[in-house]
**Q** 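Mind looking over this structure? Questions follow.
Every chain is numbered from 1 and lettered A, B, ... according to where its sequence line falls, protein lines coming before strand lines. All figures in this text were calculated on a predicted structure; none of them were measured in a lab.
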Amino acid sequence: MNIAITLSDNKGLDSTLSSVFARCPFYMLIDPETKIFTIEENPAQNASGGAGIKAAQWMIDKEVSGVISGSVGPKAHDVLSSAKIPAFKSKGESIEETLKAYLGKELESFFEPNVDAHSGIQE
Amino acid sequence: MIITVASGKGGTGKTTIATNLAWTLAQKRESEQESPIWLIDCDVEAPNAALFIHPIFEIEKKVERQLPIIQQDLCTGCGVCVDVCEYNALAIARGKTLFFKDLCHACGSCVLNCPENAIQESPEMIGLLQQGNRGALKFAQGILEIGFSSPTPIIRDLKKWIIPDKPQHESTYILDASPGTACPVVESLRDADFALLVTEPTPFGLHDLKLVAELIFKEFQIPSGIVINKSGRGDEIIEQFASEMKIPILMRVPLSRDIAEAYARGDLLVDAFPQYWDQFIDLYKKISEITGERQPKQ
């Protein structure tokens with residue numbers, strides 16, 4: 001299953017990690033094992049309000065199993081946690097580094113993980 | 001005639017000008033047995049005209065909005081409501097609809113579009129309207145409920161409550177707007193016949209005067225005039241702008257400690273300094289001339 005990584009530009013695997021969740025310009029949807037990915041524009045980036053909700057809904061619709069971002073706001077947090085999609089704080093400078101940390105279960109979770117969240121990581 | 005007092009910048013003296021103009025006219029019209037003056041405080045986030053007018057309120061009215069209530073047992077999680085919500089106030093997670101009240105504009109789209117009729121509406125109080133008088137002056141204000149962030153619906157309801165659809169020619173409504181140039185100010189200017197722009201002769205005063213003048217020019221095309229408050233030093237920057245934009249300067253109130261002290265006591269300028277009485281009568285006369293309305297009797 002894909003996870004989503006927030007990006008501040010679109011340069012494939014060399015893209016820059018974004019420190020924000022809902023207002024970043026791009027999301028990488030990537031299978032952490034096979035590294036097969038697509039990069040899509042964030043439809044919520046310029047929302048006048050409720051960007052966190054819209055971006056989190058997008059994650060739900062894309063059926064991601066996790067989100068890696070520099071930060072996650074409270075409303076996005078509410079929606080993601082209702083959907084039991086775990087969110088993790090990105091680590092290091094590159095996609096490669098943060099993915100490695102994700103696979104090694106070294107990423108810090110943004111909220112108290114529950115059982116479902118853990119099972120999501122193990123998939 | 002509807003006169004909206006706006007400024008762009010806060011603290012330039014909108015309320016000072018609006019209250020004194022309204023009070024002066026009300027007294028004058030009473031003595032001449034003419035139709036009353038209404039002062040409507042449209043700064044519903046921080047209404048303060050009542051502090052100077054000391055009105056007796058006689059009637060109150062609640063402002064409510066219709067909030068969606070989702071019946072989870074009827075909801076199939078289809079997501080239609082999420083798609084139609086312009087404000088991203090709804091989300092669907094694991095078949096459950098999440099509602100974010102703070103983002104809801106109570107537009108009703110989700111209620112209308114839900115294929116299962118699973119969304120009902122429930123009223124929520126978002127503000128209060130009050131009307132009353134002080135002597136010959138009729139007064140009304142709106143108060144946004146604490147914790148709410150949308151003043152515009154309160155202003156819309158306040159105006160609808162007080163001003164008839166086709167106001168009588170001789171009725172005068174003076175609207176004290178909020179600072180800025182955003183939705184509440186636009187709502188306060190809607191249907192106005194004249195915009196009275198109160199500014200101060202500072203770069204900030206000029207900067208925001210430009211913004212509000214631009215708003216009026218682009219959106220309303222109604223005549224306007226400037227009052228320079230705290231006048232006396234730096235008036236040239238306002239004068240230059242006024243002449244470029246062909247907006248007349250109708251009145252000046254000097255920067256004075258005495259005036260500031262009277263204001264701080266909650267006194268009306270015309271009560272503390274009766275020499276301003278004629279200046280406010282004159283201000284209204286100039287506005288009437290510009291709008292082509294009938295002039296007050298001499």
Side-chain angles (χ1 to χ4, degrees), chain A residues 1-4 6 20-25 27 41-67 69 72-87 109-121 123, chain B residues 45 65 67-111 113-115 118-119 124 126 144 147-153 180-187:
Chain A
M1 271 183 88
N2 282 338
I3 59 165
T6 61
V20 297
F21 170 67
R23 299 281 183 188
C24 71
Y27 294 121
E41 278 187 26
N42 172 10
Q45 187 192 359
N46 298 315
S48 58
I53 296 163
K54 192 172 183 175
Q57 183 71 59
W58 190 85
M59 296 297 165
I60 294 169
D61 296 343
K62 292 286 176 185
E63 299 180 336
V64 302
S65 58
V67 172
S69 177
V72 172
K75 294 194 183 78
H77 168 279
D78 277 2
V79 177
L80 289 174
S81 59
S82 297
K84 304 197 190 305
I85 297 173
S109 181
F110 273 115
F111 28 80
E112 288 293 312
N114 57 24
V115 178
D116 277 356
H118 279 298
S119 59
I121 296 164
E123 276 168 13
Chain B
E45 287 171 280
R65 65 170 182 172
L67 275 194
I69 305 286
I70 297 142
Q71 291 179 276
Q72 296 291 352
D73 53 330
L74 295 178
C75 175
T76 59
C78 69
V80 168
C81 57
V82 176
D83 292 340
V84 298
C85 182
E86 272 296 303
Y87 307 101
N88 300 317
L90 292 158
I92 299 273
R94 302 213 159 192
K96 190 175 179 292
T97 308
L98 307 175
F99 173 54
F100 293 85
K101 199 173 105 171
D102 294 351
L103 292 165
C104 180
H105 282 53
C107 69
S109 295
C110 55
V111 181
N113 286 287
C114 175
I119 309 179
E124 180 187 45
I126 56 167
L144 179 66
F148 289 88
S149 56
S150 302
T152 311
T181 49
C183 299
V185 177
V186 172
E187 188 57 45

**Q** Contact part of A/Asp61 toward chain B, heavy-atom cut-off under 4.5 Å: side chain, backbone, both or neither?
**A** neither
**Q** For B/Phe100, is it the side chain, the backbone, both, or neither that has a heavy atom closer than 4.5 Å to a heavy atom of chain A?
**A**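 Contact with chain A involves the side chain of B/Phe100 alone.
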**Q** Return yes when atom CD of A/Glu41 has more than 12 non-hydrogen atoms of other residues, nucleotides or ligands closer than 6.0 Å, and no otherwise.
**A** no
**Q** Given A/Gln57, which partner from the list B/Leu90, B/Leu98, B/Ile92, B/Asn88 fulfils the side-chain contact (heavy atoms from CB on, under 4.5 Å) test?
**A**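 Per the side-chain contact (heavy atoms from CB on, under 4.5 Å) rule, the option paired with A/Gln57 is B/Ile92, out of B/Leu90, B/Leu98, B/Ile92, B/Asn88.
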**Q** Check whether more than 12 heavy atoms from other residues, nucleotides or ligands sit under 6.0 Å from atom CD of A/Glu63, and answer yes or no.
**A** no
**Q** To check you understand the geometry: which heavy-atom pair defines the closest contact between A/Gly49 and B/Leu103, and what is its length?
**A** C-CD2, 4.2 Å
